Amino acid sequence: MYRGKVLVVDDDEAVNTMLSDVLSRHGYHTDTADAGEQALAKYRRDAYDVVVSDIKMPGMDGTDLLHEIREIDRDTAVILVTGYADLASARDAVKSGAFDYVLKPFNLMEFVREVDDAAAETRRHRDEREKHEKLEVLVEERTQDLEFQSSVLQLEQERFHGILKNANFGLLVLNGDDDTVILINHQAKRYLQLRPERSLEFFAEHFGQLFPPQISERIARVVATVKKTGQVCRLASFTNDEGLILDVQSYPVLAAGTLRATVIVVNDVTERTRLEEKLLMSSKLAGIGELAAGIAHEINNPIGFVASNTRTLRRYVKDLAELVGEYHNLKKVAAAGEACNELVNKIEALEDRLDVGYVLEDMQSLVSENRDGIERVVKILRDLKNFSHADDETPQQVDLNTIIEDALNLARNELKYKAQVETNLGELPPVTGHPGQLSQVFINMLVNAANAIEHKGTITITTTVIDDRIVATVRDTGSGIAPEVLPRIFDPFFTTKGRGQGTGLGLSIALEIVQQHGGTISVESTPGKGTTFTLEFPAAQDAPGHKESADGDHAATGRPDR
Amino acid sequence: METTQPPVVLIVDDEQNILRSLRRLFKREPFRTVATTDPYEALSCLRHEPVAVLVTDQRMPDLDGDHLIARVKALDERVVCIRLTGYPDPGAPTPTLPPGAVFKTIAKPWDDGEITAAVREALEHHERAAAAVNQMPTQP
């Protein structure tokens, strides 16, 4: 069994041979050298597990050899051989890196055990070194890895920072603990009209003043709500001094259930708002478009009879003028004292021919019919004007019953051939809102109701007050809405009509308008039986008392007569 | 036996004022005018008046013009029918009507000359048709 390779160094040939022999018998390969220099040369060429060297040699002695070997590596165990005389230098050598020393004369059994131990020591050293080296490589690899990752992280961080700083939305990030501003980007400064060169520290200290005074309190409330609920919160949009319409949203950044930061995003929705308004307007016009044929019909009827009557009236006037001419002739003849029988006969014949009795009577009813006809046209035009008139920005106090009556007038023609309209309008407090938009909602409801009725049905409109809410219902006895369709009817562009027949915007716009008025729409439908839309609006605050006190004020501060 | 009664022009419109103004217009025409706002009354009128021409509004609450024409034609196919409509785009007559059932469609507001001429033409049309029937050999 091979136990290792040993280099035996002694200037005495006999010692070399003896030690080689005994080691060989114990499973070692051996090599010998008779001088330190030769041993060192061999050591440099070959790998040994143990070196056994005599201390006292001419030239390079054992101690020198030990030092040379230690220069080369620190693993190979070196055993020094010495006599009593050199015991001190042997001990010194052990201190400076020899494994051990053995005394001459040799106790061979002891010597072999010593070599065994030394070989084991060498292996242990080598194993450790190997492990150590492996570990070093690993550490090196890890270090490089970490450096790479951290550079990537830094790059990422720089990139994110760049993105956030230059994003086209306004961004503010507040520290989760104390709400100090930890990030504010260019766009946020622009939108909020803050000076771009100010430092983050400045903004951190003045968070309360970042937003315009009219909304800063609401912002603070929203941030508090986000912190409390951990949910996204949206603020109604506001207009800044530049006229930009800005939408503010806030949401939390949570990590392991803890609020790390509150993010506030400010978006410019000016363009979007403008488009929405346009859409609202164009859909309003589409609604009118649906009614246009009916409205034309309503106008063409009175214009038809008024125009025809007017031509008849012209004929009557011409006939009467002819008759009056004859009366003048008669007056002249009578004044001259001449015989007028002939002329009277002629006039009587003319009166008969022209049916004067009928004409005189009919003229009166004709004129009154024409007046009716013209009034009808004027009324239609007035209703249209009310409807198409763009609403003021500021909401007014509106009577919903008036709105409903106006809508009924406009839609009447569309309805009257389809349905009997029943109204049951209770007395209502005013709602705060935009009359044009609200009449659009009801026209939509009414046209929908009429469309739902295939042949002949009833549309019932009721208004009432339940608690402090104004409730209006529009019920039809039409075909109803299939349950699978019901959840989608308020979706924009959803329509059951054919291509080009409906925009699918009516109900979605209606819902939008009603929600803007703080109201709700709900729907109940039974296929084959009919549909009921229920609209609820909050009554205008301070409504009933307000009117009285306003009246009182008016009386008290009425304009002086002088 | 020859009838000396003047032919009747039956006018139907759910709007009384339209009827009155058309009656005024037709007052001096050599035909008699019967007018009603009720299409069902118009149908019953057909049974005891020698109606030659029907002038009917298109859109009426109970029975629309095309349906009235269909029923009038079923009662007496010789009646010449004129549609009157307030819609800007009156559209073609209901496909269920036999071809030629509608003699003319006139839009409101109408031109007095046009509608009078149309009714006169319709009367002539009716007379010619009646004459053609009369000339046909009587069945043994």
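Each chain gets a letter, A, B and so on, in the order its sequence line appears, and its residues count up from 1. This is a predicted model, so every value here is computed, not measured.
- The candidate with the highest count of non-hydrogen atom pairs below 4.5 Å against chain B, out of A:Ile303, A:Val306, A:Asn301, is A:Asn301.
- Heavy atoms closer than 4.5 Å to chain B are found in both the backbone and the side chain of A:Leu366.
- By number of non-hydrogen pairs under 4.5 angstrom with chain A, the leading residue of B:Gln16, B:Arg28, B:Met60 is B:Arg28.
- The nearest pair of heavy atoms linking B:Pro109 to A:Asn300 is CD-OD1, 3.6 Å.
- Interface remark: A:Arg353 contributes no atoms to any contact with chain B (heavy atom separation under 4.5 Å).
- Smallest separation of non-hydrogen atoms from A:Leu438 and A:Ile403: C-CG2, 3.7 Å.
- Among residues two or more places apart in sequence or in another chain, the salt bridge (Lys or Arg N to Asp or Glu O under 4.0 Å) test is passed with B:Lys27 by A:Asp355.
- Applying the side chain to side chain contact (heavy atoms under 4.5 Å, CB included) test to B:Asp111 and every residue at least two apart in sequence or in another chain returns B:Glu114.
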